[in-house]
Amino acid sequence: MASNGFSALPNNGNGVVINQEASQNSIGGTTYPNDRNLISGNNASGILIENGAFGNFVYGNYIGVDQNGVNAVSNRGHGILIYADAHDNWIGNPSLTNSGNVISGNGITNWYNGITVLDGCNNTIIAGNLIGIGTNGAPVPNQGDGIQIRVAVSNTIGGTAAIARNVISANKGDGIQLGSNTAHNVVEGNYIGTDPSGMYARGNGHEGILIYNSELNDIGGTNSAMRNVISGNQGSGIKISNSALCRSNRVINCFIGTDATGGAPLGNSDHGIWIFNSPANRIGMAWTTNVISGNDGNGILVEGSAAVANEIVNCYIGTDLSGSSALGNGLSGVLITDAGSNVVGRSGGRGNLISGNGLDGVQINGSNACRNIVEVNLIGTDLSDTAAISNARHGVLILADASRNIIGTNSIVYINRIKNNGGDGICIHSTAGTNNYIGWNVWKNNSGLEVDIGPDGVTSNDYQDPDTGANFLQNYPVIYSATTASGVRVNGNLNTVPSTSNTVYFYLCAVPDPSGHGGADNLLVITNLITDTNGDAAFDFTISGSSYFGQYVSAITVDPYGNSSEFSEAVKISPVEYWDDDGDGMPTTWESNNHLDPYDATGTNGASGDPDSDGMDNFDEYVADTDPANAASYLHLVDIAVVDGTNIFVEYTSTNTRYYVVQYVTNILSTSDWNNIYLPAIQGSNGVTSDTHPQDWVPRRYRVKAEVHR
C-alpha cells in the first residue's frame, strides 16, 4: 500500500504470513483506530495463516480497502486465507469491541474470497467484521464469496452479541459458502445481504448462504440473538445443494427475505430456501420461528429425487413476524417438486403458517413427489386463525404425477386449517397421480371447492367408480338425511368399487361451501364402510351429544389405497321428524301420518307415486303438506278478488307447517318467468291463508308455492 493510504504499492506475495505452527500472534488490535493495519494492494492475499498456525488474532484491520475503508485497493488474492491445518484462529472477536475488520474489495477473479478457510482449519472464529462493504455501508465487493469454508469443521461465523455480528454483503459470489467435507459449523447473528442496519439491501451476487456436500451445520439458533437476517441476495437466501452428504443441516430462527425487524420485505431474488437433491435437512424447530417471506421466488423449494426426509416446521412463510400481515413470497409458500418423503409441519410440535403467497400455499408436483406429508399447518389464515391472509391460488395443489402424498391424517394433532385461499382448499389436479390421501383437516371460505379433483368443479359420482384419472376420481358418499334430537343421526350410501373397505370422514359446518358440497368446521366421526358386490355400503349411525340442529353434514371417502374424494353435498341437520328411512326425500313421520309406507321408496309409496290420482305426486304433496290419499286435499288458490278497485285479495289452502309465496305472470300463456309478489315466504295457517296486495291493471295469472323450512 502506498504511503498516501489510497493507492496500491504491492508486495509481490502476501501482505502478512503466519505459518509453521506459529501461535499467539496479533495482527492489529482493539484500540480504535491506533492499532489498525492497512493491508491492501498486495499481489497475493492480504493475510495468510497456514501450516498448523494456531491461536492467532486478526483484529481491527482494513484489508483490501483504502485508509477510509470505503474504496477498494484490492489484494489480488483472498483478503484472508487460512490454510493447511491452521486452527483455533480469530478473525475478530465475538466479545471484544473494535475487534472486527473491514475485509472488502479483494480478488482479481471469482476464485478469491473475503475470507477462505480450508483443509483442516478447524475452530476458526469470524466475528464482528464488514465483509464486502465499506465503513459507510456502501458495496465494496470481494470478487468471490464473502466467506468460504471447505474441508473444515467446527468453525463459528458471528455470535450472539451485537458486536459479534458480521455484515456479509455485496460480494460477487455467495455471502457464505460451506463447501465439501465441512461439518459442525455455526452461522449465527449475522446480516447477510443487507447494510449494517439490516434495513436496506446490499445483496450478494449469488446465494446468501450456499451449503454443498456439507452436513450438520447450524444456521441460526434457539434464541433471537442467534438470528441471521439473510435478505436482498441475488440468488436464494439459503441453498442446500446436490449431494447425499449434504444432510442434517438446520436453519433455525432466521429472517429470510425480510428486514431486521421481520416486518417489511427485503426479498432474495430467487427462493427463500432452496433444498436441491439433499436429504434430511431441518428448516425450523419447535418454539423458534423462521420468517421466510418477501422473496421473489418460492418461500421454500425442495427439489430433486434425492431431496428426501427434509422437515419444515414452525416457519412463517409469507407473513411478517407477528403472523398477522401478508409479506408474501412471489410464487408458492412451499414447493416440493420431484422430491419425496418430506414433511411440512409435524405432530407433537408446531406446524407452519403458510399464508399470503403469490401462488399456492403448498404445491407438490412431479413423479418422484410421493409420500410427502403436510400436517399441522395454518394455510391462508393469520396466526390466530381468525383473519384471512389468502394465498392467491390454492391452499394445497398436487399435480404432475405426484402420488401417495398425505394432507392431514386421522388425529386431531395432525390437523391442517386450510382457509380463505383464492382457489380451492385442496386441489388434486387432473395431471396428478393417485393415492393422494386427504385426512382430518378444517376448511372454510376458500374461493373454489374445499377439495377439487380436477380442477373442474364438482365431479359427479359414477356407478361402481370405474374411471381413471387423479385419485381415480374417487366417489364421495351420498347423504340422504341428517336429523337431530339429542345427537345427530346420518343416513346415506356410498357406491364405489365393489368389495372394498373405505374410510369416510364426516364433517360438521355452520355454513356449507357455496357449491353445496363441503364445509368442514369440525370432524363429526371417522367410520369404515365395506362395499358389497354391487359397490354399495349403506350407512346409518347416530352420534350422541348436544343438538346439532341447523348445522350441515358432509363427507369425504378414502379408498384402501389412499385415494380421496371430493366432498359430498352438505345436508342440513333437521329435527328428528324429518328422518327419512327409505331415502325417498319424504320424512318417515310424514309418510306414516299420511298413509304411505315409510320403508318403501317404490311405486305408489315412492316420491313419484300418486295414489289419489289428483295430479300431485307424493313428493309434491309432502312439500305442500297435503294428504296424498285424498284427491280433495291439494295445494290451490281458493279465491282471488279485487278490493276497493286497487288491491287484489288472494286466498289459498295452507298449513302452519309450511311457508308460502304467491307468484304471477303477466303473459297468461306463459309457463315460466313467474314473479314473486312478496318475499320472504310467509308461514301459513291451518286451513286457508289470505293476503292483500296492490294490483297493476294488466292481465295476470296467479299461483301459490309452498316451501319446507327446517
Side-chain angles (χ1 to χ4, degrees), residues 1 5-6 15-16 18 23-41 45-49 53-73 75 78-82 88-106 113-115 117 123-140 142 146-147 155-171 175-176 186-192 194-199 202 225-229 260:
M1 190 78 190
F6 292 100
V16 178
I18 302 175
S23 66
Q24 305 299 314
N25 299 286
S26 293
I27 303 172
T30 60
T31 303
Y32 177 83
N34 296 331
D35 291 341
R36 177 188 305 144
N37 295 294
L38 184 58
I39 307 172
S40 303
S45 295
I47 298 174
L48 172 63
I49 304 173
F54 66 96
N56 299 286
F57 307 96
V58 180
Y59 291 166
N61 303 288
Y62 285 1
I63 303 171
V65 295
D66 64 13
Q67 67 174 359
N68 293 329
V70 296
N71 295 300
V73 184
N75 296 294
H78 307 284
I80 299 175
L81 173 60
I82 305 175
D88 294 278
N89 295 288
W90 299 65
I91 312 302
N93 189 303
S95 59
L96 293 179
T97 303
N98 299 327
S99 68
N101 305 276
V102 177
I103 308 168
S104 303
N106 297 286
N113 310 303
I115 301 173
V117 180
N123 301 309
T124 303
I125 304 294
I126 302 171
N129 304 285
L130 299 177
I131 304 173
I133 62 173
T135 54
N136 60 356
V140 188
N142 296 293
I147 300 172
N155 301 285
T156 300
I157 301 172
T160 57
I163 59 173
R165 177 182 302 131
N166 297 291
V167 180
I168 308 166
S169 301
N171 299 286
I176 298 172
V186 175
V187 179
E188 62 184 17
N190 303 286
Y191 288 176
I192 303 170
T194 78
D195 75 337
S197 73
M199 304 302 288
R202 299 288 186 268
M226 299 176 177
R227 173 179 296 137
N228 298 289
V229 177

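For the numbers below, each heavy atom of this structure counts, side chains included, while hydrogens, waters and symmetry mates do not. Along the sequence shown, residues carry numbers from 1. Note that the coordinates shown come from a computational prediction; the quantities given were computed from them, not determined experimentally.
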Exercise for review: Take Ile47 and Ile49 through the test side-chain contact (heavy atoms from CB on, under 4.5 Å) and record every step on the way to the result.
Suggested key: CA-CA 7 Å; Ile47 298 174; Ile49 304 173; 3.9 Å; yes
**Study point:** Asn190 and Val167: CA distance, side-chain angles, deciding distance, side-chain contact (heavy atoms from CB on, under 4.5 Å) verdict
**Key:** CA-CA 6 Å; Asn190 303 286; Val167 180; over 6 Å; no
Exercise for review: Begin with the C-alpha distance, continue with both residues' side-chain angles, and end with the deciding distance and a verdict on side-chain contact (heavy atoms from CB on, under 4.5 Å) for Gln24 and Phe57.
Suggested key: CA-CA 7 Å; Gln24 305 299 314; Phe57 307 96; 4.0 Å; yes
Practice item. Show your reasoning for whether side-chain contact (heavy atoms from CB on, under 4.5 Å) applies to Asn166 and Ile157. Key: CA-CA 8 Å; Asn166 297 291; Ile157 301 172; 3.6 Å; yes
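Atom CD of Glu188 and atom CZ of Arg165 lie 12.0 Å apart (nearest 0.5 Å). Remark: Ile103 CD1 to Ile91 CD1 distance equals 6.5 Å, nearest 0.5 Å. Here CG of Asn129 is found 7.0 Å from CD1 of Ile80. Values are rounded to the nearest 0.5 Å. Taking CG of Asn75 as the start and OG of Ser40 as the end, the distance is 5.5 Å to the nearest 0.5 Å. To the nearest 0.5 Å, the span separating CH2 on Trp90 from OG on Ser26 amounts to 12.0 Å.
With hydrogens and angles disregarded, a donor-acceptor distance shorter than 3.5 Å links the side chain of Ser104 to the backbone of Ile133. In terms of modelled atom types and a separation under 3.5 Å, the side chain of Asn228 and the main chain of Gly189 share a donor-acceptor contact.
Here the shortest heavy-atom pairing between Tyr59 and Thr30 reads CD1-CG2, 3.8 Å. Contact detail for Ala170 and Gly132: the closest heavy-atom pair is CB-O, 3.4 Å. Nearest heavy atom pair, residue Ala127 against residue Pro94, reads CB-N, 3.6 Å. Of all non-hydrogen atoms in Val73 and Phe6, the two that sit nearest each other are CG2-O, 3.6 Å.
The side-chain contact (heavy atoms from CB on, under 4.5 Å) search around Asn37 returns Ile27, Ile39, Asn61, not counting sequence neighbours. Every residue meeting the side-chain contact (heavy atoms from CB on, under 4.5 Å) condition with Asn142, not counting sequence neighbours, appears here in chain and number order: Asn106, Ile131, Asn171. For Thr160, the side-chain hydrogen bond (donor to acceptor under 3.5 Å, both in side chains) criterion is met by no residue, not counting sequence neighbours. Residues that satisfy the side-chain contact (heavy atoms from CB on, under 4.5 Å) test with Thr97, not counting sequence neighbours, are Ile163. When the side-chain contact (heavy atoms from CB on, under 4.5 Å) test is applied to Ser45, the partners found at least two apart in sequence or on another chain are Asn14, His78, Leu81.
In this structure the side chain of Ser169 never reaches within 4.5 angstrom of the side chain of Ile192, judged on heavy atoms. With a 4.5 Å cut-off on side-chain heavy atoms, Leu48 and Ile18 do not count as touching. Residues Arg202 and Thr194 form no side-chain contact, since every pair of their non-hydrogen atoms from C-beta on lies 4.5 Å or further apart. Side-chain atoms of Ile147 and Ile126, non-hydrogen and from C-beta on, do get closer than 4.5 Å to each other.
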Which donor-acceptor pairs under 3.5 Å do the side chains of residues 65-72 make with protein atoms, sequence neighbours left out?
{"from": "Asp66", "atom 1": "OD1", "to": "Asn68", "atom 2": "N", "distance (Å)": "3.1"}
{"from": "Asp66", "atom 1": "OD1", "to": "Gly69", "atom 2": "N", "distance (Å)": "2.9"}
{"from": "Asp66", "atom 1": "OD1", "to": "Val70", "atom 2": "N", "distance (Å)": "3.2"}
{"from": "Asp66", "atom 1": "OD2", "to": "Asn71", "atom 2": "ND2", "distance (Å)": "3.2"}

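When only modelled atom types and interatomic distance are considered, Asn101 and Tyr62 share no side-chain donor-acceptor pair under 3.5 Å. No hydrogens or angles considered: nothing links the side chains of Ser99 and Asn93 as a donor-acceptor pair under 3.5 Å.
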